Number of protein chains: 2
Amino acid sequence: MEADQIERVRDFNRYYTGRLGLLTDNYLGQDRPLGQARLLFEIGDGCDLRDLRARLALDSGYLSRLLRGLEDQGLVTVDVHPGDGRVRVARLTDAGHRERAELDDRSRDRIAGLLHGLTRDQRDQLIAAQNQVRRLLRLATVGIEHVPAAAEPARDCLRRYAAELDDRFPEGYDAANLTPPAEMTGEQLLAYEDGRPVGCGLWTHLETDVAEIRHLWIAPEARGLGLGRLLLQHLEDGASTDGVTTVRLGTHTALTEAISLYRRSGYHEIANYSESPYNQLAFEKAL
Amino acid sequence: MEADQIERVRDFNRYYTGRLGLLTDNYLGQDRPLGQARLLFEIGDGCDLRDLRARLALDSGYLSRLLRGLEDQGLVTVDVHPGDGRVRVARLTDAGHRERAELDDRSRDRIAGLLHGLTRDQRDQLIAAQNQVRRLLRLATVGIEHVPAAAEPARDCLRRYAAELDDRFPEGYDAANLTPPAEMTGEQLLAYEDGRPVGCGLWTHLETDVAEIRHLWIAPEARGLGLGRLLLQHLEDGASTDGVTTVRLGTHTALTEAISLYRRSGYHEIANYSESPYNQLAFEKAL
DNA sequence: CCGGTTCTCTGACTCCGGTCAGAGATGTGT
DNA sequence: ACACATCTCTGACCGGAGTCAGAGAACCGG
């Protein structure tokens with residue numbers, strides 16, 4: 001890694017931090033303290049205090065006082081949860097909605113004022129560049145971890161994967177085809193973003209030096225980051241260090257992005273090696 | 001302006017704000033309060049408290065206390081200014097320099113950790129996109145103002161402009177050739193970034209419907225933003241609303257960026273119309 | 001030398017964000 | 001019905017950020 005690259009990124013961050021005053025005054029600009037303003041935004045249409053605390057990582061006493069403040073201003077009501085008398089539910093009053101909309105408008109106006117100095121093309125360029133920055137930062141912050149095959153978040157990903165296949169395959173997908181934890185001989189990887197699993201993949205032995213990659217899946221909210229390629233790379237690396245020299249995989253013609261990923265990643269099509277009805281195409285790559 | 005564009009920019013800002021914790025911990029991560037940490041960075045090698053206050057916009061009492069805190073920790077010394085007994089000068093001790101370097105390292109490590117997940121190419125892409133974002137934001141935040149010809153910041157820009165010409169022209173440049181405020185019949189524009197003038201330009205009548213653009217200059221620190229084009233546009237607009245239909249300008253062969261700006265902006269070369277020795281080339285554009 | 005100005009420091013405040021411990025009400029499993 | 005857990009609220013804190021007014025020292029112009 002070049003020290004130069006680090007400095008450039010830091011430099012940008014400094015610049016952006018300095019500008020954030022201009023950019024993110026969702027909250028400020030009102031006489032309202034920041035904590036309360038955040039709450040105004042976070043209380044959508046009714047919200048358990050329990051959830052609020054978890055989402056904003058607030059102390060229960062602190063949250064209570066913040067809400068009390070908003071209540072005193074008539075922006076929020078706090079009522080007992082209908083189902084559970086211990087829980088309270090916060091809800092914006094009409095005035096609260098107006099207040100929130102006003103904060104929102106203010107923020108929007110600010111950005112509009114900023115963009116006003118640019119031409120339409122320049123605005124588009126700005127947005128494209130911001131998307132690129134975000135895409136790469138998201139990719140950089142995703143963590144890829146080794147997990148036991150039976151790990152709950154991994155099974156969770158596989159369930160979402162199966163549900164998607166069932167949706168996309170004309171013939172549907174039977175979740176019984178998912179690799180059962182017991183049969184796993186290789187590695188199961190999980191990709192996390194901000195603690196939430198956003199992708200999975202596993203490899204398992206076909207022969208001593210031949211592995212099969214299965215169930216490579218990226219959650220919809222994390223697509224377009226290049227995460228599929230990254231996971232695939234990790235899977236190959238893991239298999240390779242385990243002595244595997246050839247990886248194969250099967251896929252379905254409906255999964256066009258996956259197929260193009262495999263081709264881009266150096267896989268070539270081979271004759272089908274599996275009897276699974278979903279594996280309409282087969283690919284192979286020498287490591 | 002598209003509401004959509006505004007929302008996208010806001011969305012990016014929200015994302016980036018959320019990530020700033022990861023990105024800008026120059027300051028945090030130490031047990032040191034943020035105010036003190038900022039001071040550690042801002043006190044280069046010796047610095048008048050007066051300047052510090054101005055730069056960081058701090059209350060004098062507050063600054064005093066912050067420095068006292070750093071002094072107690074042996075990171076800073078505050079001495080009387082040699083030339084002026086009222087003024088104090090803050091200086092980092094060796095321990096202060098070490099502390100600062102440590103904060104700096106910590107921040108650098110953090111970024112390095114972030115970039116580690118990216119390939120070299122992706123890092124380059126990230127930096128390029130960040131530069132683009134910054135470039136456009138800077139351009140968007142530059143303010144262009146009408147100022148009286150004799151305004152001090154305007155004369156200041158012209159002096160810097162003259163100094164640069166003197167440096168770049170093989171034959172040097174005689175500042176007496178700058179348009180004196182008294183002879184101005186058109187408009188003088190000044191570009192500001194964060195309150196500092198970063199560019200100037202003026203137009204003045206040659207005939208009732210013909211104007212000459214002069215002294216279009218962008219400060220070195222603001223080059224590459226597209227500001228020259230923006231200023232030129234504003235000058236043309238101003239002249240146009242004043243009834244001008246033709247603008248001319250003269251320039252020097254050494255000013256290659258300017259020449260290319262003029263060509264890109266629709267100017268075509270004409271025969272020289274001025275007796276100024278510095279106007280080796282002449283351009284014209286119909287508005 | 002004197003009056004006004006500049007610069008710094010001190011003390012006394014105010015908010016806000018955040019933490020902690022415990023009380024009280026409500027739910028849940030046995 | 002009981003013990004135990006869950007959820008919220010209250011009171012009592014703390015430290016940091018920031019403001020304000022005024023005192024005191026140093027400078028400057030006349």
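Remember, predicted model here, so these are calculated numbers, not experimental data. Naming: A, B, ... by sequence-line order, numbering from 1 per chain. Heavy atoms only: backbone and side chains are in, while hydrogens, waters and symmetry mates are out.
- Side-chain atoms of B:D48 do not come within 3.5 Å of backbone N or O of B:R50 as any donor-acceptor pair.
- What separates CG of A:D48 from P of D:dC9 is a distance of 12 Å, to the nearest Å.
- Look at A:D109 and A:R106 and you find no salt bridge, because none of the NZ, NE, NH1 or NH2 atoms lies under 4.0 Å from a carboxylate O.
- One can place CG of A:L52 at 13 Å from C1' of D:dC7, the figure rounded to the nearest angstrom.
- A:L49 places its CG atom 17 Å from the P atom of D:dT6, with the value rounded to the nearest Å.
- The CG-P distance, from B:D79 to C:dC7, rounds to 18 Å in whole Å.
- With rounding to whole Å, A:R50 atom CZ is found 16 Å from D:dC9 atom C1'.
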Self-check item: Test side chain to side chain contact (heavy atoms under 4.5 Å, CB included) applied to B:R110 and B:L114, step by step
Solution: CA-CA 6 Å; B:R110 221 178 173 109; B:L114 181 74; over 6 Å; no

Which atom pairs, donor and acceptor, lie under 3.5 Å between side-chain atoms of residues 67-75 of chain B and protein residues at least two apart or in another chain?
| unit_1 | atom_1 | unit_2 | atom_2 | d |
| --- | --- | --- | --- | --- |
| B:Q73 | OE1 | B:R32 | NH1 | 2.6 |
| B:Q73 | NE2 | B:Q36 | OE1 | 3.1 |
| B:Q73 | NE2 | B:G69 | O | 3.2 |

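- Between A:R196 and A:E193 there is no salt bridge, since no side-chain nitrogen of the basic residue lies less than 4.0 Å from a carboxylate oxygen of the acidic one.
- The pair A:D104-A:R100 fails the salt-bridge criterion, with no side-chain N (NZ, NE, NH1 or NH2) lying under 4.0 Å from an Asp/Glu carboxylate O.
- Here the options are B:Q130, B:R135, B:R134, the test is side chain to side chain donor-acceptor pair (under 3.5 Å), and the partner is B:Q132; only B:R135 passes.
- Separating the CG atom of B:D72 from the P atom of C:dC9 is a distance of 13 Å, rounded to the nearest angstrom.
- In this structure, the helix from C:dC1-D:dG30 to C:dT30-D:dA1 shows an angle of 20° between the axis at its start and the axis at its end, each fitted on 5 base pairs and rounded to 10°.
- Salt-bridge check for B:D156 with B:R159: passed, with a basic side-chain N closer than 4.0 Å to an acidic carboxylate O.
- Using a 4.5 Å cut-off on side-chain heavy atoms (C-beta onward), B:I111 and B:R108 make no contact.
- Look at CD on A:E71: it is 8 Å from P on D:dC9, rounded to the nearest Å.
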Quiz item: In B/S/- notation, 5' to 3', how is nucleotides 17-30 of chain D contacted by protein heavy atoms closer than 4.0 Å?
Solution: SBBB-----BS---

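- If you take CG of A:D51 and P of D:dT6, they are 16 Å apart, rounded to a whole angstrom.
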